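Here the structure is a predicted model, which is why all the values come from computation and not from measurement. Each chain gets a letter, A, B and so on, in the order the sequences are listed, and its residues count up from 1.
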Amino acid sequence: MATTDLKPKDHEIDPATGEYRVIAPGQTFKSVTEKIARIVLTPHTPLGWFALFGVGGAVATFLLVALTWLFLKGTGIWAISQPVAWGFAIINFVWWIGIGHAGTLISAILLLFKQSWRNSINRFAEAMTIFAVVCAGLFPLIHIGRPWLGYWLLPYPNTMNVWPQFRSPLLWDVFAVSTYATISVVFWYIGMVPDFGTMRDRADSKLAQYVYGLVSLGWRGSARHWMRYETASLLLAGLATPLVLSVHTVISFDFAVAVLPGWHTTIFPPYFVAGAIYSGFAMVLTLAIPLRKFYHLEGLVTDRHIDNMGKVMLATGFIVAYGYGMEVFMAWYSASHWESFMMWNRMFGPMGWSYWVLITCNLAIPLTTLWSRKLRTSIPYMFFISIVVNTGMWFERFVIVVTSLYRDFLPSSWGTYRATKWDYMTYVGTLGLFTALFLLFVRFLPMIPMSEIRMMLPGAKITPKKVAEAGD
Amino acid sequence: MSGHMNGSKQAAGNAVDYEKSKAAAPETAMTLEAVRAELKSAKGKRYWRSVDELAGSPEFEAAVEKEFPGSAQEWVDPVSRRGFMKLMGASMALAGLAGCTKQPDEPIYAYVKQPEDLILGKPMYFATAMPSATGALPLLVKTDQFRPIKIDGNPEHPYNLGSSDVFAQGALLDLYDPDRSQHATYRGENREWAEFAQELRKKAAESKDGTGIYFLSSTITSPTLARQWKAVQAAYPKATLVQYDPAIAGTSLEKGLSVQYALADADVIVSLDADFLSGAAYPGFHKLVREYADRRKNPEKLNRLYSIDSTPTTTGLKAEHRLGLRASEIPAFAAELAKAVGVAGVESQSYNWTEEQKKFLAAVAKDLKAHAGKSVVISGLHQDASVEALAAAINSALGNVGKTALVSAEPVNPLPGDQAAGFKALVADLNAGKVDWLVILNANPIYSAPADLDFASAFNKAKIVAHLGSHYDETGHEAHWHIPAAHFLESWSDARAYDGTISIVQPMIDPLYGGKSAHHVFQALLNEPGLSPYDAVRETWKPVIKGDFETGWRKALHQGWIDETAVGKGSASGADAQKLTSKVPAPSSKDAIEIIFRPDPSIYDGRWSNVGWLQELPKPVTNLSWDNAALVSGATLTKLGLEEDDIVELTVQGRKVNAPVIVVPGQPDNSVTVYLGYGRSFAGRVGSGAGFNAYLIRTTGAPFYAIGSLKKLDGKWGVAITKSHYQDHRSKLFGGQGSGNNSLEADEAISERGIIRYATLDEFKANPGFANEGPGHEKTDKDNTLFPNWDYKDNAWGMSIDMNSCTGCNACIVGCYAENNIAVVGKQQVRIGRNLQWLRIDTYFEGDLAAPRAHFQPMACQHCENAPCEQVCPVGATVHTPEGLNTMVYNRCVGTRYCSNNCPYKVRRYNFLLYSDFETESLKLMRNPDVSVRSRGVMEKCSYCVQRISAAKIEADKENRPVRDGEIQTACQQACPASAITFGNINDKGSRVARLQADERSYQVLADLNTRPRTKYVAAVLNPNSELQEAPVEHSPAKG
Amino acid sequence: MAQIFDRSSNALARMSLVLTGLIVIALGVTLDQLQRSPWVTRQGQRPDQPVPFSHKHHVQGLGLQCQYCHVTVEKSSYAGIPPTKTCMNCHAQIWTNAQLLEPVRTSWATGQSLTWTKVHDLPDYVYFSHEIHVNKGLGCSTCHGRVDQMPLMYAQNTLQMEWCLDCHRNPAKNLRPTTEVYNMAWEKPAEDRPVWCSVGDEKSGVPTAQTVNCVTREPAEGVQVASLAPTAAPLSSYRKFTSQDELGHFLLDHYKIRTPKDLASCEVCHR
Amino acid sequence: MPPREGTYGLLAEFDTPSDLVRAAQQARHDGWRRMDCYTPYPVEEAAEAIGFHRNKVPLLTLIGGLMGVAAMFSLETWVSTLAYPLNIGGRPTYSWPAFIIPAYEWTILFAGLSAAFGMLALNGLPTLYHPLFNAPNFRDGATTDKFFLCLEALDPKFDLVESKKYLEGLQPVSVVEVEY
């Protein structure tokens, strides 16, 4: 690890390798396989799972109700108006997509950087990505006034001879998000294929054998297969990395390409990407902390993981802080009245409170405390921080979307924004949907990649001596 | 104008749905009472939708059927053709069944006999006039298959030259109002007109001399009706006619118009509480605005307007110098002014004028004297009679009479009289039991009678009350007989315009609901009871029209007026001096709170209550829509411990009414203005329940202002104001401007943002290019571009708006409503900023909000050449045409609203819900067949009236010529009485718009964004009196 | 542990993958075809009408001119549906007892409209104008087909946007002399079917139809040429056209038809 | 392809990856070519040991990516300049900077799909039925904790008895014969 703020303690060094240990000692191929596969293959679903799933499902019905009403009445059930024509839908969209980014980052970028500690958390981080993209992808579709015509955003030959308009950032979104969703699902699925093989071979029930056998595509662990598999994984990781950077860049273009003060700024792409990772890691923590407790996975998802994620958040948090600082600086330095008024209004206008919520949650609390290793390894504190940052990042989008729109160029058209119950129901509903989907994943799919964990075990070490001897 | 009309010209066919509607036998019954109760509970604040959900139900239809058998759909034109089909199908189409979906089968109903002069698809235009007590407005009505679809001023009429006003524009929706009463009733049961006529005749015959027969009418404006009344009087000498119009009684109008102003030659105009620039509530509005605005267009010819007024109106806020006085101070001030300009015999009151007021008085008097013969003093309609007399005396003393103030010999209203006295006498007779029959003609006294007369109980003492009215309104509900009144577009009549010209009011359509007019009522008492109003009108004018009558009659119908009927120039009349004997009332105590009553600028005295366009229209100055309110100054609000939107109890002489309170910049302290016309209980689904009824505290003694009090009550009213006026509390560090009592919006708009640019005459002379100087205000440099510019070779449409001329009267907005099928959204939607008006008038209050100057800026789509909206639409639903229009393709729009976000002018309007009414049949008849009706989820905006452009281009292409300058007028341009809006081809260097855009005062709003708008504004140049200018006004945009 | 899957499952699995791909492609092709199919466009379908009116009989058989019934085609956006009176002009005298014409007589007697079903039905957001097309040399049959050969009316073309655009982007391929607009049998010029055209004095304000003269017989001295122009053009000014391309471009120029860029602009049809 | 009959190969089981790699290297050294290793996680050395060094997945990915960028960029250009050129906010019809973004996304989409599906195709997956699954110990360990070397019958050196002996010489846990 490159972080040097504190040296690892002795017991954290793996005696076998002399490296920083990311998995608790005493695990074998068999034991990790057993532990992970059992969660899925056990016929006994824990009661707690049912309880949580019930809650998630119930909350998700808010979404169903809200969407039904939305389709019946139109987007006017939300608080959007003139001039604030985008509201919760776009805020939630950006927020969810941002959350998804951490999953891709963990699985792709950390893979490229050979950060093996990622192995314990990458599978459910990827799952998180996909479910976050599902929730996110819902919003662009439902926020349009005539969702039944949403397919007009796709380039397909039609009797009207008309095509989408490729200069629009919304169209870029279509391609970015659909690519992102596709690649994420493919990456996730390909990553699970060998584990499906394990599940097939460890399942007792005929049905499970059959189903896992089908989705494992007949994986048998051939060395040739593994080589191609590894190449493909690396390539996918190599592709997913620019993809994940591009997706939030493209989403930031929704704003940056517009002429609106508060939107029209070049700092947005890096600041959005960093913010996305920031919130994404917070969400991974929000999920990982209860999960490892519930399924007793402390041996696989160790304090070390939590600590590392804290460090990543600290780093991305500072990039985000730089972004905020730059906005303020440019408002002054540009000498543009539009910019300086926007900044004044954002801070001290009628909706200035939202800016200060954002500063508190994203900067004031996390960036002062995450320096402390003690706090970084304090599980309750990290859980708290994860919630704070998620809140802060939601408000960041709120500030960008709403406080830029409600007072723009012509003072005659200034307005305000006050969310309706349908706004809240839709938002909370997606949280429920996300929870429910995630619980289904935890129940039916191996949430930790077994093949990758095996690679990290001491037994996976090839003794060079023997090989050399044999090579004679 | 083409064609002529005769009495019956309804399209072929007959009532088709009679049998069908009869056949519907509902399971569950519902009475109209239940419906009304339900509507009442909705308090009218939920607009069409709730009602329509109800109205669409079979129960409702059954209820209508039960109460009005067979008549509910009588007017449904059975020969609905393509134009309607388009609208009906549009709901389906815009609901998204475009692309690859099947269309349903559509029927075509062929004529049986097609009217000869009808070309389907081509509109026809007919001249008529809208009668009004303030002078009829000559109209040219566009009809499609003999359905009126757009009302505009008659462009050839010398009075208005084609301009109109909010009422005239709104009259179209009034005609098609689905809530109009649809059948004659007697004690709630359906009857026929003939039965009523017979009853009335019988009663008259029984009375022999007309004893006990009373008529209560709104102001009679028709010479024919007056003639008919005189005939009735001759036959029944004891029959009594009382005229009463709540907004007319007590004004000079009830005695007929006496003074006409000619502002073309007036260098100095002084308004004594006269609001002659904001709407047709002031007689001669169209002409006065035109003449005023003509002088504003050329800085060489600027006039100077002083306004002394009791409530801020567009007149006051347009004035170079405005003095806000409480209403009761104005007569005394007028007397001081008269004295100062040298009117003999004026007694001055001992009143403690402030230094500022004295200075103002001295400056105005000096200016008036310096411009003797080239100045004019205009008196307010809703002031003490002494003000009119003093104004006349001043004009006389200055030698203005015959030049700028013309005194006409004959009254415009044919039956002048003291309305309030007549009404009082009627109430006395009612109470004395003398009234057997009371026939109410187009009036609604139950709602609008002065509160002190207790008309409602007197009313019940009449044996039989009949009500002729367009709606089953408050009076209709109480009357025994109710007769649906014909709209002025449905019946023959006549009227005089402000300039005295006689216009024939010719119907455009057969009465939709079999309505009758007052002509029918009077005629029913005469020898030929069946004589139609058409014949009656012809009879009136037979002696007047010179030469061959038929030729002259045709010409009168065709051109819209009868030649040589305008009033003469008039002369200085000695009678004016005598009026001075009327005592000038003393101002009320400075601490007393005055309550001022004014007719509403949008719905007048309540007669336009049910016109959604007018209800939703943000009122000039206040930008209040859907309500009236107690308008107070900021200081008074603070003094009374109130906040805006608080509910207050207004009390006048023990009578109370609850009202919301809002601040109006420039309102005199201790003065509360309330608009009449609201608080209707039976106006219809639109008007019922909106606002509060100010008539409840208005008395005969004090019809225009009274002493009263305000008390705070609990709760908020929830007013819908379309624009805010936040106070600018920023420190200088953050670019703050003023004293802390300024409007943030105006400070922003006028300073760095350069949205409003203006100069004084002196500044303009020193620096004629002021409008395009200063950082961010420079003209767009077209060559400074990253990518090549598009060429607009052929036509390039553009618009120019003269900021010096626009008075903010709103006529353009209502014209746009009518032309472009814009939906009404309802109060709650307006509250959250979802009004659909394509055009709005931005109002900025500059300077101290206690005494601001206002700027009115019509703002619609600017048709930017580098349109930010187009670039961000993912489906290409908004694109540029080769002629530079920013086109909105509704049927392609999926509703991302990104274009609206990216529009710096925020002129795009979005159908957040299903606002357009696709169900109500009568509204379908009204709509412009050349414009799509937008459904839910679709963005819309100003199109520069592209349907008119297309029509003109087709005509020009057929004739193989370019489109001529002036051939295309946008709806707003057409309506504008100030001619502030000019539209045309900017590539044609000779066109009016190109010349205006080339003017050095022309500027583009937000030019620094390089959006390159096609709409340009001509910066205002003001002509202040240097004596009243404290310090050089620091507003020049060049300052930066 | 035994095999879970049968030997055949490998082939099955691969087959189903391929099949899925094929189905997706087939679905796309089907939808693409479906949106243009007569099922959607009603092209070629003959709806039930109150009277089985035969254009063939009236146009080909009796020689009625289009404008006899569709009177406003040159003057308005609507071509016009004939009122019952137009039918009765003749049918008050002939076929007075025909059973088929009963609805017409009923309409005439009762004043109730005949209710036809629209055959050429554009969506309501499309603003089409007959007058400009007819005035600029677009023949009836170009869009409506050989109406004179249709016993029952049907739509010859899809009337879909791509079909409109096809011509708006290249009007030359369909233009014909305005004198031939109502000629149902008009065919594109060819070597054996030449057209001669001349152009008179082209002035702004003079309708193009009056300055361009086209004839289908070789103009010869002394033969009066049917012409809208006030004065006949000299013979030398006639140009001979033997292909639609040449004629179309000639007419495009002289009828002053707007450019494809103008004609394909959205606001031309939608507002 | 008709189902084959007879012996697929001989399967030797090892406990550690090191044992497997050593055995595989030996076999390769001894001239065996038709053979494969089976491990529960990727063991690079095993592949190298059996002489598998390069694969074609990167090439497929490159081709896919190029197809993606070409397809989208040319679609965008065609749509905006030829198919229906429109004046969008005064921008040029060929607004290539804007076109980069969808083209970029499609590069990744096509490349990613090519990598994933190319890998599966090259691996011959799905292969739901495979002779190795007939071996009694294979599914028990190959995806969990055991390491296998399989000498296939197609190798010219293959002889059921001799080869079995040879394998046993490599010190496996067990050697079993695998039927088709």
Checking B:Arg840 against chain A: side chain, backbone, both or neither under 4.5 Å from a heavy atom?
-> side chain

Out of A:Trp338, A:Trp163, A:Phe166, which one racks up the most heavy-atom pairs below 4.5 Å with chain B?
-> A:Trp338

Does [Y] offer a backbone N or O that forms a donor-acceptor pair with the side chain of [X] under 3.5 Å?
X: A:Ser168; Y: B:Val872; value: yes
X: B:Asn901; Y: A:Leu405; value: no
X: A:His143; Y: B:Thr896; value: yes
X: A:Gln82; Y: B:Asn835; value: no
X: B:Arg897; Y: A:Ala85; value: yes

Roughly how far, to the nearest 0.5 Å, is the [atom2] atom of [Y] from the [atom1] atom of [X]?
X: B:Glu752; Y: A:Ser336; atom1: CD; atom2: OG; value: 10.0 Å
X: A:Asp408; Y: B:Asn902; atom1: CG; atom2: CG; value: 10.0 Å
X: B:Leu914; Y: A:Lys73; atom1: CG; atom2: NZ; value: 8.5 Å
X: A:Leu260; Y: B:Leu1009; atom1: CG; atom2: CG; value: 10.0 Å

Part of [X] within contact of chain B (heavy atom distance under 4.5 Å):
X: A:Ile80; answer: both
X: A:Arg407; answer: side chain
X: A:Leu141; answer: neither
X: A:Ala79; answer: backbone
X: A:Leu154; answer: neither
X: A:Asp254; answer: both

Partner chain A: residue of B:Asp1008, B:Thr1011, B:Asn623 with the largest heavy-atom pair count (under 4.5 Å) = B:Asp1008

Taking the six-membered ring for Trp and the single ring otherwise, decide whether the centroids of A:Trp78 and B:Phe912 are under 6.0 Å apart.
-> no

For B:Thr780, which residues count as a side chain to side chain donor-acceptor pair (under 3.5 Å) partner, sequence neighbours excluded?
-> B:Gln1004

More than 12 heavy atoms of other residues, nucleotides or ligands under 6.0 Å from OH of A:Tyr333: is that the case?
-> no

